[in-house]
Amino acid sequence: MSAKILDGKAIANEMREELKHRVAELRGQGVIPGLGVVLVGDDPASRSYVTAKEKACEKIGIHSDEHRLPAEAGREQILGIVDQYNNDARIHGILVQLPLPDASMETEVIMAVRPEKDVDGFHPVNIGRMIMGQRAFLPCTPHGILHILKRSNIPVKGAHVVIVGRSNIVGRPLANLLTRKDDMGNATVTMCHTATRELANFTRQADIVVAAAGRPKTITADMIREGAVVIDVGVNRVDDADAPKGYRLVGDVDYESVREKASAITPVPGGVGPMTITMLLYNTVQSAQRTGARAE
Ligand code: GUN
């Protein structure tokens, strides 16, 4: 079997086209959706993510404002900018790119963002609301994965999904969303992590495997059953002297071997990545819509 390629880029473009219309409507009502971006330090991957997010905003008519700070920036400086965005009526969403150079500041910075502007869905209020099934900004990568599955007509209800990776950004929220009692949930989820013994014993039982471990070749062909659906969340830079930039991006899945056994697979790049950015746009537009409604 050669797997169907789940084209995240195409699905993302479809959704961005829909969002572009919603932005035009909002602009017609005098509301310009705005995103405030904070980037601390000069990590090349973070820089390229932020640039991609800003370009995507511009393309659909979202205004983006950016503060780039040096790696040595202190907590007062970072919190000062967050506070400025919190109180700026033109800014409907705030994104602080993670990881911060000083990881010990992350919790405080995440908690400083007003939950109504937390378009990353990282604030404990949004996480709590999500878990309780209340209206909340959903974290972008898990939400994007749900839309890839939905728009590719892959049934999730009753499926056994094995998630490899327990991060706050992907694994944990995805497990929660997939078990919700709604049309994108109702799955049975197994969460695996670095302390899981015999990982392959779990992944081989999965209808859908989600690889979010942050390590290349975490999932190889022998670890999945014939016909499984494989979602690759990994974005790893590996040195490649033949590539124009001297590196290439690979996921967490051994793509070449796994695609021969899976029924469907997301590529890297062009799978989950574009959907993550799309859901950030989605949350920002939603925030602008809510604010507009409050102002009326
Ligand atoms: N770093 C990796 N993924 C993300 C994301 O979705 N949002 C933010 N703010 N930082 C990230």
Side-chain angles (χ1 to χ4, degrees), residues 8 12 15 34-57 62 64-69 71 73 78-79 81-82 85-86 91-115 117-127 130 136-148 163 165-174 176-177 210-215 231-237 249 251-252 266 268-269 271-284 286-287:
M15 291 189 76
L35 177 71
V37 177
V38 186
L39 173 64
V40 187
D42 47 19
D43 174 61
S46 290
R47 261 200 319 221
S48 82
Y49 287 140
V50 162
T51 305
K53 288 170 187 175
E54 287 169 342
K55 273 195 190 154
C57 281
I62 295 177
S64 72
D65 186 81
E66 185 198 89
H67 278 279
R68 291 193 182 205
L69 297 175
I78 302 172
L79 293 174
I81 292 166
V82 169
Y85 282 147
N86 275 338
I91 296 295
H92 304 95
I94 301 172
L95 176 131
V96 182
Q97 184 64 31
L98 301 180
L100 291 175
D102 179 352
S104 71
M105 286 186 213
E106 281 181 8
T107 303
E108 189 179 9
V109 171
I110 287 170
M111 294 195 53
V113 173
R114 271 175 57 184
K117 295 194 180 190
D118 169 39
V119 286
D120 257 327
F122 290 170
H123 192 287
V125 166
N126 279 311
I127 294 172
M130 172 189 75
F137 288 120
L138 301 181
C140 302
T141 300
H143 197 191
I145 292 170
L146 297 189
H147 278 282
I148 290 179
I163 301 172
R166 56 180 154 185
S167 71
N168 284 343
I169 294 182
V170 184
R172 285 176 211 244
L174 181 62
N176 183 266
L177 291 171
V210 180
R215 189 168 49 93
I231 304 292
D232 191 350
V233 185
V235 188
N236 306 291
R237 287 185 178 203
L249 295 180
D252 290 353
T266 57
V268 177
V272 173
M275 287 303 290
T276 297
I277 296 180
T278 302
M279 302 325 291
L280 175 76
L281 306 175
Y282 178 95
N283 282 348
T284 306
Q286 206 164 38
S287 179

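Values in this document were obtained by computation on a predicted structure and should not be read as measured data. In each ligand, atom 1 is the first atom listed, and ligand 1 is the first ligand listed.
Closest protein heavy atom to atom 7 (N) of ligand 1: Asp120 OD1, 3.0 Å. Scanning all protein heavy atoms for the shortest distance to atom 11 (C) of ligand 1 gives Gln97 NE2, 3.4 Å.
Among the atoms of Val96, some N or O lies under 3.5 angstrom from an N or O of ligand 1. The distance criterion of under 3.5 Å between nitrogen or oxygen atoms is met by Leu98 with respect to ligand 1. For a threshold of 3.5 Å applied to N or O pairs, the pair formed by Thr141 and ligand 1 contains no separation below that value.
Listed for the Asp252 side chain is no donor-acceptor partner under 3.5 Å among the backbone atoms of Asp232. Proximity of a side-chain donor or acceptor of Asn86 to a complementary backbone N or O of Arg114 within less than 3.5 Å is detected.
Proximity of Tyr49 to ligand 1, defined as any heavy-atom pair under 4.0 Å, is not found for any part of the residue. In Leu280, neither the side chain nor the backbone holds a heavy atom less than 4.0 Å from any atom of ligand 1.
For the pair Val113 and Phe122, the minimum side-chain heavy-atom distance is 4.5 Å or more. The closest side-chain heavy-atom distance from Asp120 to Ile94 is not below 4.5 Å.
When Arg68, Lys53, Arg47 are each tested for a side chain to side chain donor-acceptor pair (under 3.5 Å) with Gln97, only one passes: Lys53.
Note: Thr284 OG1 to Leu35 CG = 4.5 Å, rounded to the nearest 0.5 Å.
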